[in-house]
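To start, the structure under review is shown below, and the notes come after it.
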2 protein chains.
Amino acid sequence: MSDERAAANARTRNRGIPDATVARLPIYLRALHTLADAGQRTVSSEELATVAGVNSAKLRKDLSHLGSYGTRGVGYDVAVLVDTISQALGLTQRWAVALVGVGNLGHALAGYAGFASRGFRIAALLDADPDRVGERLHGMVVRHIDELPAVVAEGSVSIGVIATPANAAQDVCDRLVAVGVTSILNFAPCVLSVPDNVDVRKVDLSIELQILSFHESRKAALTSLPSALSDDGEDEYDEAVGP
Amino acid sequence: MSDERAAANARTRNRGIPDATVARLPIYLRALHTLADAGQRTVSSEELATVAGVNSAKLRKDLSHLGSYGTRGVGYDVAVLVDTISQALGLTQRWAVALVGVGNLGHALAGYAGFASRGFRIAALLDADPDRVGERLHGMVVRHIDELPAVVAEGSVSIGVIATPANAAQDVCDRLVAVGVTSILNFAPCVLSVPDNVDVRKVDLSIELQILSFHESRKAALTSLPSALSDDGEDEYDEAVGP
DNA sequence: AGCCGCTTGTGAACGTTCGCACAAAGTCAA
DNA sequence: TTGACTTTGTGCGAACGTTCACAAGCGGCT
Ligand SMILES: NC(=O)c1ccc[n+]([C@@H]2O[C@H](COP(=O)([O-])OP(=O)(O)OC[C@H]3O[C@@H](n4cnc5c(N)ncnc54)[C@H](O)[C@@H]3O)[C@@H](O)[C@H]2O)c1
Ligand SMILES: NC(=O)c1ccc[n+]([C@@H]2O[C@H](COP(=O)([O-])OP(=O)(O)OC[C@H]3O[C@@H](n4cnc5c(N)ncnc54)[C@H](O)[C@@H]3O)[C@@H](O)[C@H]2O)c1
C-alpha cells in the first residue's frame, strides 16, 4: 500500500464519502431505477454516467467510495448497485417526516408522490393557523404546531420540512430542534440558525432564478459585444455591463 | 448516447465571477434587503456575513469579484451594495418566465409572491391537459402548451420553469429550447439534455431528502460508536435574518 | 498633524473536486 | 490455456473553492 499519506489525510477529517459524491448518489439511484424498470440487468459506468448526466470517471470514483461492486469487463449489476447506494444513503429505513406549514406550497408537498416512492413517510402535517388545523388532506389531518412534541414522539420523526413564511421559519426551526429533529429541509427564503448536530438543507426557488438571470444576462451581453469580457481582478475598477 | 458532456464541458470559459460566488450573491442580496428594511445604512463584512450565514473572508472575496465598493474602517454602503449585486446578477431588467405544468406544484408556483418581489414576471401558464387550459389563476389564464411559440414571442420569455411529470419534462424542455428559451428551471426529477448555450438548474426535493438521510443515518451510527468523535456536520449555521 | 482602532481587499496556504489516462482484472471464444 | 477485448478502479496533476492572516487605507480623536 502506498496509502500512508492517504491514511493520514483521511484520519484528519474522515467523513468517508465526499459531500460531492453524496449529492450525486441519489441521481445515480434514480437512473438505476429507470434502468431496472426497463429490465436491464447490468450497466457499464459509461452508460450509467450518460443517463445520469455525468462524466464516467467521476461516476466510477464516486462508486469506488462505496466499495468495489463492479465487474471488470462487464460493468455493475443494477440490483446490487441499487442496494449498495440505498444502504449508503441510509434508505434501508423509512424516515418519518413532519411537514410544517400547509399553505400553497405545503399542499403541493403533502400530495407529492415522490416522498413515498423514495423511503420517506409524511408522519404529520402541522400548521399554526386555527382555520387550517383539522383540515383533511391526502388521508391526513392537519394538526396544530403546538402538538409537535407529541407528533415527533409518536412517529419517531427525525426530519422536518419547513414550508412556512420566512418570518416564522426560525421559530419553527427552533421548535423542531427542541423536540429532537436533527435534519431540516427549509423552503423558506431565509438563513436558519441551528446547533452543530443539526443538518439544514434549503430549497430556494428565487435563488435558482437569480443564478439563471446571471447567466442569461451574460449571454445577452455576449451576443451584442463581440469582444471577450475579461476581468483581471487587478487594480482596474471596471463597472459591469449595462442592459 | 449522443450528448452527455454538453453542459459541463461548455462552462470552461472564464466568466469573471466564480460559480460558487454567483450562487451566494442572491443570499447576500436578500440579507441586504432585510438590513435596508430595518433602516441600516452601512454594514461590515463581519455583520453581513453573519446574517448571510457565511465566513466573512469568503464574503469579502466574493464581493471583491464585483469591484471595490467598501470603505476601509467603515464597511459597505447597503444601498450601493444592493445596486451592485443586482447589476451583477442581471436583475436590473425584469425577466419574463413561462411556467409549464400547472398541477399541484404549478399552482403553488403560480401564486408565489417571491417571483415578483425579485425581478421576475410570470408571462404565461401553460399545460397540456385540455381540462386545465382556460382555468383562471392569479389573474392569468392557463394556455395550451402548443401556444408556446406565440407566448414566448409576445412576452420576450427567456426563462422556462418545468413543473410537469418527469416523463414529459424532456419534451417540454425541447419545445422551450426550440422557441428560444435559454434558461430552464426544472422541478421534474430527471436529467434534461440541452444544447450548450442553454442553462439548466434543477430543484429536486427527493434528492435533498436523501442527502439528509445520509447524514441522519451517519449520526445514528455515531451515537452507538464510542470512538472518533470527529466533526461531521458541515452546514450553514449562524445567525438568522431579522424580523 | 499624528496616532489609533477598525475594516477592507488580497496573497498565500490549504482543502476539495474533477477528469485524464492507464494498469489491473475480469469475460469470452477458440 | 492463451490472447483479444472490455471495463473497472485509481494515481495524478490541474482547477476550483475556502480560510487565514495581514498590509493598506479610512475615519475619528486628541
Ligand atoms: N408557493 C411557492 O411556490 C413557493 C415556492 C418557493 C418557496 N416558497 C416559500 O415557502 C414558504 C411557504 O409558501 P406558501 O406559498 O405555501 O405560503 P402560505 O402563506 O400559503 O403558507 C404558509 C403556511 O404556513 C403557516 N404558518 C405560518 N406561521 C406558522 C408557524 N409559526 N407555524 C406553523 N405554521 C405556520 C400558515 O398558516 C400557512 O398555512 C414561504 O416561505 C415561501 O417563500 C413558496
Ligand atoms: N408536488 C410537489 O410537491 C412536488 C415536489 C417536488 C417535485 N415535484 C415534481 O414536479 C412535477 C410536477 O408535480 P405535480 O405534483 O404538480 O404533478 P401534477 O401531475 O399535479 O401536475 C403536472 C401537470 O403537468 C401537466 N402536463 C403533463 N404533461 C405535460 C406536457 N407535455 N406539457 C405541458 N403540461 C403537461 C399536467 O397536465 C399537469 O397539470 C413532477 O415532476 C414532480 O415530480 C412535485
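Within every chain, numbering begins at 1; the chains are lettered A, B, ... in the order of the sequence lines, protein sequences first and strands thereafter. Note that these values count all heavy atoms, side chains included, but never hydrogens, waters or copies made by symmetry. Worth saying up front: this structure is predicted, and the values here are computed from it rather than measured.
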For this session: Dump the intermediate steps for side-chain contact (heavy atoms from CB on, under 4.5 Å) on B:Val191 and A:Val51, then the final yes or no.
Result: CA-CA 8 Å; B:Val191 176; A:Val51 175; over 6 Å; no

Problem set entry | Spacing between A:Asp62 atom CG and D:dT8 atom P, to the nearest angstrom | 14 Å

Problem set entry | Atom pair distance, as rounded to whole Å: CG in A:Leu48 and P in D:dT7 | 14 Å

Exercise. Are side-chain heavy atoms of B:Phe214 and A:Ile17 found at a separation under 4.5 Å?
Worked result: yes

Seminar exercise, completed: Nearest-nucleotide check on DNA chain D, A:Gly73 vs A:Ser64; residue mapping nearer the 5' end is A:Gly73

Exercise. Is the distance from OP1 or OP2 of D:dG9 to the nearest side-chain N or O of A:Tyr76 less than 4.0 Å?
Worked result: yes

For this session: Please determine if A:Arg175 and A:Asp171 form a salt bridge, counting it only when a charged side-chain N lies under 4.0 Å from a carboxylate O.
Result: yes

Problem set entry | Sugar-phosphate only, base, or nothing, as touched by B:Ala57 at under 4.0 Å among non-hydrogen atoms | base

Problem set entry | A:Asn55 vs C:dT17: side-chain N/O to OP1/OP2 distance below 4.0 Å | no

Problem set entry | Whole-Å gap separating C1' (C:dT8) and CG (B:Leu81) | 12 Å

For this session: Would you kindly give the CG-to-C1' distance between B:Leu63 and C:dG9, to the nearest whole Å?
Result: 10 Å

Problem set entry | B:Ile184 and B:Val177, any side-chain heavy atoms less than 4.5 Å apart | yes

Problem set entry | A:Arg72 (side chain) and D:dT8 (base): donor-acceptor pair under 3.5 Å | yes

Problem set entry | 5' precedence on DNA chain C between B:Arg60 and A:Lys58 (nearest-nucleotide basis) | B:Arg60

Problem set entry | Crowding at CD, A:Gln87 (>12 non-hydrogen neighbours, <6.0 Å) | no

For this session: Take the protein atom CD1 of B:Ile17 and the nucleotide atom C1' of D:dG17, then report the distance between them rounded to whole Å.
Result: 16 Å

Exercise. What about A:Lys61, does its side chain sit under 3.5 Å from the base of C:dG19 through a donor-acceptor pair?
Worked result: yes

Exercise. OP1 or OP2 of D:dT8 sitting under 4.0 Å from any side-chain N/O of A:Ser45?
Worked result: yes

Problem set entry | Any A:Ser68 side-chain N or O less than 4.0 Å from OP1/OP2 of D:dG9 | yes

For this session: Report the distance from atom CZ of A:Arg24 to atom P of C:dT17, rounded to the nearest whole Å.
Result: 8 Å

Problem set entry | Nearest-Å distance for atom pair CD/C1', residues B:Glu47 and C:dC6 | 14 Å

Problem set entry | Rounded distance in Å - CD (B:Glu46) to C1' (C:dG9) | 15 Å

